[in-house]
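Along the sequence shown, the residues carry numbers beginning at 1. In each ligand, atom 1 is the first atom listed, and ligand 1 is the first ligand listed.
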Amino acid sequence: MKTILTGIRANSELTLGNYLGALLPMVRLANQHSADHHINIFVPDLHSIIADIDGDLQKNIIRTLKYYLAAGLKINENVHVYRQSYVPAHSELCWILNCVATMGETSRMTQYKEKSEGRESCNVGIFDYPILMAADILLYSAEYVPIGEDQFQHIELTRNLATRFNHRFGEIFTVPVKTAEQVKFMGVDDGIRIRDLLNPEKKMSKSTKAENSKIMLDDAPERAAKKIMSATTDSLGKVKFDMWAQPGISNLLQIEALVTDTPLHEVTAAWAGETSYGELKKKVADSVAKMLTEFQAKLATISDEEVYELLENGEKYANHVANAKLLEVQKAFGLR
Ligand code: TYM
């Protein structure tokens, strides 16, 4: 059986960008494919500690996992939920892949450049984070990795590392499919990048300070609606999906499509040429408020115990699969 795998860091409350870019696509894929695919959903807690953590990491981890359930994830024996640090093979393979990766290719990662920019010194974890991510994926032979567009470069790096390793040692790793095919598999028109509401040139990010720039999953629905109403648009006065010329408007159309589970091309066709930005904002604000109301109500019904039970089974499975792959790699290098 093939594996579909993804992870979301639990450093803080999640944004609508995390939800629409990664969490919801994973839930939809999982529900569609879990009869004949392994579905691996994990919290990369070792990735969390490269940066500051808002609140209590343990609580954040459990909350993040509850989000998948609140978003409608259906559980069966093929759905595996685990924490990265509970499967030591991740760190072990990361070290081995460090000896396969080059400084040049790792230094080129945009996220590293952004996160280290302007700092006199940054921790080595920030530099090494894509290699750990490659280990997360390769240990489980995952072919499909639903993620937002900002992580595409890390998938390409994973593919390069796996291919280089296989070239040297034989077919040990499954190479994940190219990002263009990942997008197709996710059933979205393009990679998903939800934009900052005030500054739509940038992605919506939890680390942006201005509250009105981002919608958080615990925002009161009316508050989220107000944030949409105050989103930056443009002075062109005509609704058109064009991320370059009209990023604010295009972002709203993208949000509307994802929140209402309608193909983007249908939403853009329905609004094309409309001249009232206010009407579009009102529609998107209502859709987001409705989604948050339902999501938060569902969340309140999920207990911590439910999550711990999933983790117990998931971590047994994950250790079993990851240790078997690690052993193959250790043998290839002569470590075993
Ligand atoms: P993280 O925790 O920063 O983000 C989690 C997921 O949310 C997506 N995302 C967005 N998508 C669309 N629009 C946005 N504005 C937006 N902001 C965030 C991200 O693309 C991501 O899919 N390195 C990863 C976590 C990770 C991982 C993995 C993912 C570790 N190992 C293995 C997949 C497979 C990260 O830091 O994502």
- Return the residue, atom name and 0.1 Å-rounded distance of the protein heavy atom closest to atom 24 (C) of ligand 1. Gln151 OE1, 3.5 Å
- Item | Selection from Pro146, Gly191, Pro130, Gly17 by shortest heavy-atom distance to atom 10 (C) of ligand 1 | Gly17
- Going by atom types only, do Asp136 and Gln84 share a side-chain donor-acceptor pair under 3.5 Å? yes
- Shortest heavy-atom approach to atom 19 (C) of ligand 1 - which of Thr208, Leu258, Ile147, Asp150: Asp150
- Task: Let me know which of Val145, Ile147, Leu29 forms a side-chain contact (heavy atoms from CB on, under 4.5 Å) with Met186.
- Result: Leu29
- Check each atom of ligand 1 against the heavy atoms of Val145 and keep those under 4.0 Å away; list them by number with element. 33 (C), 34 (C)
- Only residue of Leu14, Ile228, Thr15 satisfying side-chain contact (heavy atoms from CB on, under 4.5 Å) with Ile215 is Ile228
- Report yes or no: do Thr3 and Glu143 form a side-chain donor-acceptor pair below 3.5 Å? no
- Task: Report yes or no: does Asp219 contribute a side-chain atom to a donor-acceptor pair with the main-chain N or O of Ala224 at less than 3.5 Å?
- Result: no
- Message: By the definition side-chain contact (heavy atoms from CB on, under 4.5 Å), identify the one residue from Asn313, Ile39, Asn40, Leu310 that meets it with Val79.
- Response: Ile39
- Item | Side-chain ion pair, Glu294 and Lys290, N-O less than 4.0 Å | yes
- Task: For ligand 1, find out whether one of its N or O atoms is nearer than 3.5 Å to an N or O atom of Met204.
- Result: yes
- Query: Based purely on interatomic distance, does Thr15 place a nitrogen or oxygen under 3.5 Å from a nitrogen or oxygen of ligand 1?
  - Reply: no
- Nearest-contact summary for atom 26 (C) of ligand 1 - protein heavy atom, Å: Pro44 CG, 3.9 Å
- Message: Using a 4.0 Å cut-off to any heavy atom of Gly21, which atoms of ligand 1 qualify?
- Response: 11 (N), 12 (C)
- Residue part near ligand 1, for Leu23, under 4.0 Å between non-hydrogen atoms: neither
- Going by atom types alone, do Asp150 and Gln111 pair a side-chain donor with an acceptor below 3.5 Å? yes
- Task: Test Tyr140 against every option in Tyr82, Phe173, Phe42 by the ring-ring contact (aromatic ring centres under 6.0 Å, His included) rule and name the one that passes.
- Result: Tyr82
- Message: Can you report which non-hydrogen protein atom sits closest to atom 12 (C) of ligand 1, along with the distance?
- Response: Ile192 O, 3.3 Å
- Message: What protein heavy atom lies closest to atom 22 (O) of ligand 1? Include the residue and the distance to one decimal.
- Response: Gly148 N, 3.1 Å
- Message: For a quick check under 3.5 Å, do Asn11 and Asp54 share a side-chain donor-acceptor pair by atom type?
- Response: no
- Message: Show the atoms of ligand 1 that are less than 4.0 angstrom away from any heavy atom in Thr6.
- Response: 33 (C)
- Message: Tell me which one of Lys59, Arg63, Lys214 satisfies salt bridge (charged side-chain N to carboxylate O under 4.0 Å, His left out) with Glu13.
- Response: Arg63
- Message: At less than 4.0 angstrom from any non-hydrogen atom of Arg193, what atoms of ligand 1 do you find?
- Response: 12 (C), 13 (N)
- Task: Look at atom 13 (N) of ligand 1 and say which protein heavy atom is nearest, naming residue and atom and giving the distance to 0.1 Å.
- Result: Ile194 N, 2.8 Å
- Message: Among all protein heavy atoms in this structure, tell me which lies nearest to atom 29 (C) of ligand 1, with the distance rounded to 0.1 Å.
- Response: Gly7 O, 3.3 Å
- For atom 1 (P) of ligand 1, grab the closest protein heavy atom and report residue, atom and distance to one decimal in Å. Arg9 NE, 3.8 Å
- Item | atom 4 (O) of ligand 1 [closest protein heavy-atom partner, distance rounded to 0.1 Å] | Asn18 ND2, 3.5 Å
- Message: List ligand 1 atoms under 4.0 Å from His47, heavy atoms only on the residue side.
- Response: 30 (C), 31 (N)
- Query: Heavy-atom contacts under 4.0 Å between Phe42 and ligand 1: side chain, backbone, both, or neither?
  - Reply: side chain
- Taking heavy atoms and a distance under 4.0 Å, where does Leu5 meet ligand 1: side chain, backbone, both or neither? side chain
- Which distance, rounded to the nearest 0.5 Å, do you find between the NE2 of His90 and the CG of Leu326? 10.0 Å
